[in-house]
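A short worksheet on the structure shown next.
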Amino acid sequence: MSEAVAESKLTRKDFVSDQEVRWCPGCGDYAILAQMQKVLPELGIPRENIVFVSGIGCSSRFPYYMNTYGVHSIHGRAPTIATGIKSANPDLSVWVITGDGDGLSIGGNHLLHSLRRNVDLKILLFNNRIYGLTKGQYSPTSLQGHRTKSTPMGSIDYPLNPISVALSAEATFVARTQDTNTKHLSMVLQRAAEHKGAAFVEIYQNCVVLNPTAWDHTTKADVRDDNIVFLEEGKPLIFGKNLDKGIRMNGTEPEIVSLDGDITEDELVVHQEGRENASYAYMLSRMEYPSMPLPFGVLRSVDKPSYTDMMFDQVEAAVEAKGAGDLNSLFNAGDTWVVD
Amino acid sequence: MSEAVAESKLTRKDFVSDQEVRWCPGCGDYAILAQMQKVLPELGIPRENIVFVSGIGCSSRFPYYMNTYGVHSIHGRAPTIATGIKSANPDLSVWVITGDGDGLSIGGNHLLHSLRRNVDLKILLFNNRIYGLTKGQYSPTSLQGHRTKSTPMGSIDYPLNPISVALSAEATFVARTQDTNTKHLSMVLQRAAEHKGAAFVEIYQNCVVLNPTAWDHTTKADVRDDNIVFLEEGKPLIFGKNLDKGIRMNGTEPEIVSLDGDITEDELVVHQEGRENASYAYMLSRMEYPSMPLPFGVLRSVDKPSYTDMMFDQVEAAVEAKGAGDLNSLFNAGDTWVVD
Amino acid sequence: MAETVASSASADKQEPREEERQSVVIVFSGDSGDGMQLTGDQFTNTSAILGNDVSTFPDIPAEIRAPAGTIPGLSGYQVNFSSTELYTAGDSPQVLVAMNPAALKANLPDLDSGGTIIVNTDTFNRNGLRKAGYESNPLEGEGLSGYDVHQVPLTTLTRNALEDIEGMSNQEKDKCKNAFALGLVFWMFDRPIDFTMKFYETKFASRPEVVESNSRVLKAGYYYGETAETFQTRINVPSRQAVESGVYKRLTGNEAIVLGLVTAAQKANKPLFYGSYPITPASTILEGLAALKNFDVRTFQAEDEIAAMGSVIGAAFAGTLAATASSGPGIALKSEAINLAVVMELPMLVVNVQRGGPSTGLPTKTEQADLLEVLFGRNGESPIPVLAPATPVECFNMTIEACRIAIRYMTPVFLLSDGYVANNSEPWKIPDPALIEPIEANFRTDPEGYQPYMRDEKTLARPWVVPGTPGMEHRIGGLGKQDVTGNVSYAPEDHEHIIRTRAQKIAGIADYIPELEVTGPEEGDLLVLGWGGTYGAIRAAVEQVQGEGLEVARAHLRHLNPLPRNLGNVLGRYKQILVPELNLGQLAFLLQGHFPVRVIKLNKVQGRPFQIREVADKIREVLR
Amino acid sequence: MAETVASSASADKQEPREEERQSVVIVFSGDSGDGMQLTGDQFTNTSAILGNDVSTFPDIPAEIRAPAGTIPGLSGYQVNFSSTELYTAGDSPQVLVAMNPAALKANLPDLDSGGTIIVNTDTFNRNGLRKAGYESNPLEGEGLSGYDVHQVPLTTLTRNALEDIEGMSNQEKDKCKNAFALGLVFWMFDRPIDFTMKFYETKFASRPEVVESNSRVLKAGYYYGETAETFQTRINVPSRQAVESGVYKRLTGNEAIVLGLVTAAQKANKPLFYGSYPITPASTILEGLAALKNFDVRTFQAEDEIAAMGSVIGAAFAGTLAATASSGPGIALKSEAINLAVVMELPMLVVNVQRGGPSTGLPTKTEQADLLEVLFGRNGESPIPVLAPATPVECFNMTIEACRIAIRYMTPVFLLSDGYVANNSEPWKIPDPALIEPIEANFRTDPEGYQPYMRDEKTLARPWVVPGTPGMEHRIGGLGKQDVTGNVSYAPEDHEHIIRTRAQKIAGIADYIPELEVTGPEEGDLLVLGWGGTYGAIRAAVEQVQGEGLEVARAHLRHLNPLPRNLGNVLGRYKQILVPELNLGQLAFLLQGHFPVRVIKLNKVQGRPFQIREVADKIREVLR
Ligand SMILES: Cc1ncc(C[n+]2csc(CCOP(=O)(O)OP(=O)(O)O)c2C)c(N)n1
Ligand SMILES: Cc1ncc(C[n+]2csc(CCOP(=O)(O)OP(=O)(O)O)c2C)c(N)n1
Ligand code: SF4
Ligand code: SF4
Ligand SMILES: [Mg+2]
Ligand SMILES: [Mg+2]
């Protein structure tokens, strides 16, 4: 009943909490927050059934600004708390907000395991390639050579590719989008929400204060079209300002070809997000700047039973097999004896 | 000097410690221990320069039995300790021994990060698809449906593929081998030892007590040849008892073909472990039983500067730029004033 | 019932002497593959059914199945059975069943002088002796002259009994030799074999050949006692008198926690969520609960202890009764997340089954050295109630009590068990579940005037509001906050206020828990004060010295935080306070920190429980 | 030098009154983009160079850069400068420089009545007032009537001063307004601008236009003071007399730890390995060390605190001086691995820069609530030495001392700093590195008779043998072990022996550390006993009440484990003991646990240091 009412009425404003937003002016987090508040009313989920869980970081303040249930937890552990929430009440729509440090550094393992279990969580990783909240140390996605407070001579770590990591964690839904591309962002958020099972979304997010140029190659009007390929189901991989470049397989590896007439669209890789074998999506994930365009959109989306579905199936099966638990017979099971 | 002496003299026995080996009779760990003790003398590394570091688990007792330096540390953290050791003394040959629980459950994140940093460690993951030491709970590599002490109705987790995980962690050397295939095992250990940078080796290991049938498909004489494809550099992927089956690409995915004359070896995938793009190795890693043969051997081996090499390069560069550190000038740097 | 076998026994040999004893301690010891745990269980169950009090303690090999025949490979089972009430599994055995030389070597030092030894002579060959580290055969020579040794070729006799079974390998036959030993011991103590026969029938229902072979060997063992000249005495331990009537079964501490958790969830009318990562000696709680899914129990084997703790916090936030358990290293790992639970003020149970520390320590051994850790092992001022059951069976009630406190006061609660309590078993009078008081666990659903950190006047608990409740959306976390609103706040007064309020809330639980009960003189020279799993040894020791006429009082702390209201008063009434504990003096330190007393310490850090005599000796020394 | 500017000043207005004060506390407050830290630093440095004692405390916004103009977005810098010795950055300021309405609003409550306020009137527009939460303009009306308010259109004046610079946007110009404020304050306190001019030249050497603009505005501010009618008084704080001669510089606690670690490594003749995970307020140690690679410093930013701790253990095992630092949640996470270090008995330093807890708590605020955690927050009996520096500068020596103890006794050592000590700065008399005693850190290389856990007779330390040493291969880990051989052992006696030996080793460090010094009467009515970063407030308070004629003694604990040998004796000499601490009474509890005393507690948990008056008031109350 309350659902019906809620559904019909909710607007963007219903999702704005009473807390003052405290990110730096211009921070990419604002755009993501705005899109989220716009997308949620469209999903038809009663507001009280939505929970945002985050770790620690600038991005992790997100739940405070959403007028839903929320937990601002501890560094890196949001997926574990979200797993508990979902196991307690599978009807909830549970979103995890994390950063490149929170999700891939201290929290990398929980990300891995919540994805592989296919817990029905929507995990949004705000990737700004820096530790924002602690004021500018490098993160696992910072490029080699990046000079930060903790790497004055440049980072010597090879960066992680969040999409590759998610895929090797057996993720059933993997996507990439960007703070400033509001349309694409809102499409991807919607797709993630609709996915049954774990959904992982990498969002390129601009930290205007500590790492403002990190995503220039995907935002500056003059270069971004050459550096992004937008994935669309069933469509060939075409990109470039004039849509004149495509991706073709050369053996086991992709290559860029110009669509100059000699080469036709038929030869190009056609995007299929539903492939059971994750190799294709992984191959896409290895397309990296500057040698290849970065894939944006849904790289992979396959259906598999979610963790909590299976968990509750087992509970039901157990009840069916043994009857609903009865304390008296539990207490009296096994070797008992009577003293009178 | 002592090196020269050591080198010329070492035999297998030199690597046997005085501790009684305490695995269950028949445990696959014995075979791995024996191969290790056989391979090490051949590497020409002075015994005192070798360190074994492990976490906790049956497999993690390994260091006690090696007459080298060793740390039997805490659950899941061996890669972190090994990283510290290597950073203290880059001349050491540092081996990490871990299990499927130790390395992929509690320790998954450290594995990920030590691999991506390309710390020059040799990481051997003994995969028996079970928690041995704690007596039989399921592990992250246990198959779905596996009934164990903690999953009496069968596990509902999707298993991790250790090789895929290592590849998404940017590992520069990734291999798979098996306890019982002593020749192959010793070849792979040798290759790992020779690799400059992080080497990850998955070793199928039989827990005879708690999960004895886990690897039947790769050990039983009647089936194993159909279930394993041995990778050899520059050679096509051929397998089967009569070497009559091969792997060919079909678009972006591999397929099995019979080499019945119609199809020739030229059409098959030719193994190249040195490909910069990890997609190929990842594709191999997704070949899983029963639909495809399991790749054994070195899936990937590429050369990149190791973490400690870069760490010491920076130290050297700093010394070159600023001179070897002098406390007096350090103390007196910045804004000082004199009181007389 | 006992007659069935007894009467059918032939009387070829001279009628054995019957001796009556008040209690006997037996140790069964053999290779981990020898079935010693099952053997001990069967003997214990039969004794319990006959009306003895029983207390058992398994000695399971550390970690890995070590080579057969060696000392590290031993699996032992100690059972104490008695015609009076028992408090421990016994200081030292009077009877040792040694399935191989290693078993003899390892257990002999503990055996009472003059004790009875049954050895399987078939294993005393060169190989067996070498593995045990014997230079020469201890059965030859004078080494065992002070004991009553029975040399029985157990393996041979077992094979003989099964000779005519076709298609059964010697290896399979040898697996039955524990049944022979059991039968023999049943005869020795004049116990019927019926219950075990029935057990075989149920347990191996699907494999009649196994039932047949075991039953046969069991009987053979029994008749061997009857027949063999070597056994001249039968020992009889009469039934206990005046035992409360009812249905009983044996329970270990971990089994009791499993039952307690399921009961608490049912009584609170909530699903049970249990998130945990396997670790000795806590894993059996996870395993026990995983088998009870029909009680709407949701078990989650997490990737590590931190994840387990996180999942429990999430499940508590979303409205289940949530619990976890761990030990040693795992508890240390959970500490950061536990602190989040403290700040979020959510109800949940954290069980610490203590083992030998520090670090990995002695995973299979017991210790009480985590008391200060659970009290203080988190950054900042972070109070958590701590309860410690004194006995295995008490784990049942105290688990329920701990859950009750957690929900009533909206706080994580520690239950501090230990390896001894977890694995030790004793009879449990099965309660009527209907008589267990319900746990009031009401979610607030009224949005009117709701604030996340508004507090109940009496308990200072904040309301439990779960996602899914319309109109009460709120966000909480680990940052400093303002009381009542729960809003993030760095204001100095807000911080101090909520820190003190939380401290006051936990301290206030003292109004809800029972006062400390003292047994013995109400004031005087000496109070022996214990906590946790040392209860049995302390009680037995005190009763012993009281029997000698010494004036000693005894009390046992089950609530370590907050401490019982009357504790200060109690402490003040005795000239001396003796605190025995399995650590270097943690409760002693705690008491001195809180009260103007100095205590005498009795400490033991050996991975083992106290022996009664160790405590009794110390009391005598203090009072001398 | 001071004359340079002063003499060039025109004398258009009436000569201002000169007033002399012993000390002054100024707060500079503005948006985090306003350059307040730099401004404060410049003022402080100049004052120090002129011979004042100085003590500073920054108040940096919590976590994120909040919207400009709001209170959460404020960045503050408090400086106390004095002609006598200083112990704190001052209870409350006498001068407030408020760059916007929020700065005024946030700091006004702390300002001394009659204090001086300089405001940038350009920001007191509708928008600015709204952001600060002002309903009406506080500069109008009576609200500030008790203060000496100077309204200065800082932004306008700054733009004016830069008017003729081409190609400079207003935004860029506005960035210089802090220089105007600084110039003005320099004039007010009769300080030369030369040092800051020189600073601009060095700092912005590559951008001459920045040097030019800042210098110009700085001068403009100075001349504004000289010229404007509004300033009638100049305040003069004379130089300190009888200061030890030498070269000085200012140091925060974290800077001192950086220097201490590098020095300890050099003095031990070892590379320094520092593994850490960023966390406020410890991150600046990592950042400081990362810049010193030419000292063979190897910094490792780990994936989390556990990995950081693991790396440090590995690096210690392999022979470097190894250290880590963290705070709050990070220290909790490290606890499991620290316990491994305890059992492996390896030398390393763990710095805990305490912040407000529990859980995430107040990351940017100070607290002393982790004392019991570092002592007891690990499973099992796990003793670790704990040292706590009293002042920022003391962090240098105590870091070296902690490393010395770690190596001498082969043990991890905790250094317990806090947010106040970490960020507070004070003058440091730069020592001659050659005069710092070397740290004996010899690896054993002689295989003859070597056993991994053999022990030095005096210290009970085991030998440090590093991989790479021929003939001494050995394996150690976290399992229970036998002393001397280090072999894994579950034997009861082995466990008890090594646990007690380890406890004895750590307790024995009491022979190596200094005894507790008492200032004031040697016995009597009251001893005020503090620890850690509360030193300054306690000392100042005690000296204050002593000045009033009260008989009070004072002592400060820098060694929390083991405690100084003479502590029990000292405590016994006073009728009352007052323990002020920034927690709910952790040292008080510790003392009572160890010694037969009851103490009076003064606790504050507000994320802030003590004010001198809070401690002084309490002393008066106790002695009344
Ligand atoms: C256990 C623990 N370790 C460290 C910290 C300090 N810390 C807070 S956020 C953060 C990293 C933030 O980076 P990221 O996740 O990328 O988020 P961003 O601020 O960039 O959005 C760190 C190291 C902490 N709060 N808790
Ligand atoms: C922090 C911590 N958690 C849990 C344990 C208990 N534990 C020891 S080994 C192990 C898993 C072992 O499995 P695996 O790594 O696969 O090794 P295996 O025994 O199979 O070789 C666990 C859970 C522990 N020792 N420490
Ligand atoms: S520091 Fe960066 S990520 Fe954090 S709020 Fe500011 S702009 Fe955003
Ligand atoms: S339990 Fe399994 S893995 Fe462990 S020693 Fe025995 S056979 Fe090996
Ligand atoms: Mg980030
Ligand atoms: Mg395993």
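None of these values were measured; they are calculated from a predicted model. To find a chain, count down the sequence lines: A is the first, B the second, and so on, and within it residues start at 1.
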> By a 4.5 Å heavy-atom criterion (distance strictly below it), what part of Val51(A) contacts chain C: side chain, backbone, both, or neither?
Replying inline: side chain
> Of the non-hydrogen atoms in Gln37(A) and Pro41(A), which two are nearest, and what is the gap between them?
Replying inline: O-CD, 3.0 Å
> Among Phe199(C), Tyr248(C), Trp428(C), which has the most heavy-atom pairs under 4.5 Å with chain A?
Replying inline: Tyr248(C)
>> So for Arg240(C), is it side chain, backbone, both, or neither that comes closer than 4.5 Å to the heavy atoms of chain A?
In response: neither
>> Let's test your reading of the structure: which of Asp18(A), Val53(A), Leu92(A), Val94(A) forms the most heavy-atom pairs below 4.5 Å with chain C?
In response: Leu92(A)
> Would you call Arg12(A) and Asp14(A) a salt bridge, using N to O less than 4.0 angstrom?
Replying inline: no
> Contact part of Ser239(C) toward chain A, heavy-atom cut-off under 4.5 Å: side chain, backbone, both or neither?
Replying inline: neither
>> Between Ile85(A) and Tyr69(A), is there a side-chain heavy-atom distance shorter than 4.5 Å?
In response: no
>> Need one label for Asp41(C): side chain, backbone, both or neither, based on atoms under 4.5 Å from any heavy atom in chain A.
In response: neither
> Do you know which two heavy atoms are closest between Lys429(C) and Glu244(C), and how far apart they sit?
Replying inline: CE-OE2, 3.6 Å
> If you tally heavy-atom pairs under 4.5 Å against chain C, which of Thr336(A), Asp340(A), Thr83(A), Val319(A) wins?
Replying inline: Thr336(A)
> Side chain, backbone, both or neither: which part of Ala337(C) has an atom under 4.5 Å from a heavy atom of chain A?
Replying inline: both
> Between Ser105(A) and Tyr131(A), is any side-chain donor less than 3.5 angstrom from a side-chain acceptor?
Replying inline: yes
> So which of Val243(C), Thr320(C), Thr263(C) has the largest heavy-atom pair count under 4.5 angstrom toward chain A?
Replying inline: Thr263(C)
> Considering only heavy atoms from C-beta outward, does the side chain of Asn45(C) approach that of Phe195(C) to under 4.5 Å?
Replying inline: no
>> Quiz question: by atom type and distance under 3.5 Å, do the side chains of Ser306(A) and Asp120(A) form a donor-acceptor pair?
In response: no
> Considering only heavy atoms from C-beta outward, does the side chain of Lys86(A) approach that of Tyr307(A) to under 4.5 Å?
Replying inline: no
> For Phe300(C), is it the side chain, the backbone, both, or neither that has a heavy atom closer than 4.5 Å to a heavy atom of chain A?
Replying inline: both
> Looking at Leu251(C), Thr202(C), Val488(C), Ile313(C), which one has more heavy-atom pairs under 4.5 Å with chain A than the rest?
Replying inline: Val488(C)
> Can you tell me if Glu170(A) and Asn118(A) form a side-chain donor-acceptor pair at under 3.5 Å?
Replying inline: no
> Are side-chain N/O atoms of Gln205(A) and Asn128(A) paired as donor and acceptor at under 3.5 Å?
Replying inline: yes
> In terms of heavy-atom proximity below 4.5 Å to chain C, should Gln19(A) be classed as side chain, backbone, both, or neither?
Replying inline: side chain
>> For the interface with chain A, which of Gly478(C), Gly310(C), Pro427(C), Ala434(C) has the highest count of heavy-atom pairs at distances below 4.5 Å?
In response: Gly310(C)
>> Could you walk me through whether Arg475(C) and His72(A) satisfy the side-chain hydrogen bond (donor to acceptor under 3.5 Å, both in side chains) test, starting with their C-alpha distance in whole Å, then the side-chain angles of each, then the deciding distance to 0.1 Å, before giving a yes or no?
In response: CA-CA 7 Å; Arg475(C) 293 134 307 264; His72(A) 176 229; over 6 Å; no
> So which part of Glu303(C) gets closer than 4.5 Å to some heavy atom of chain A, the side chain, the backbone, both or neither?
Replying inline: both
> Quick one: what part of Pro271(C) sits under 4.5 Å from any heavy atom of chain A, side chain, backbone, both or neither?
Replying inline: neither
>> Does any backbone or side-chain atom of Met309(C) lie under 4.5 Å from a heavy atom of chain A? Answer side chain, backbone, both or neither.
In response: neither
>> I need the residue from Asp432(C), Val466(C), Val297(C) with the largest number of non-hydrogen atom pairs under 4.5 Å to chain A.
In response: Val466(C)
> When heavy-atom pairs shorter than 4.5 Å are enumerated against chain A, which of Ile436(C), Val343(C), Asp304(C) gives the highest number?
Replying inline: Asp304(C)
>> side-chain hydrogen bond (donor to acceptor under 3.5 Å, both in side chains) for Ser382(C) and Asn339(C)? Distances and angles first, verdict last.
In response: CA-CA 7 Å; Ser382(C) 167; Asn339(C) 233 354; 2.6 Å; yes
> Given that the side chain runs from C-beta out, which part of Asp91(A) has a heavy atom under 4.5 Å from chain C: side chain, backbone, both or neither?
Replying inline: neither
> What part of Phe52(A) gets closer than 4.5 Å to chain C, counting heavy atoms only: side chain, backbone, both or neither?
Replying inline: neither
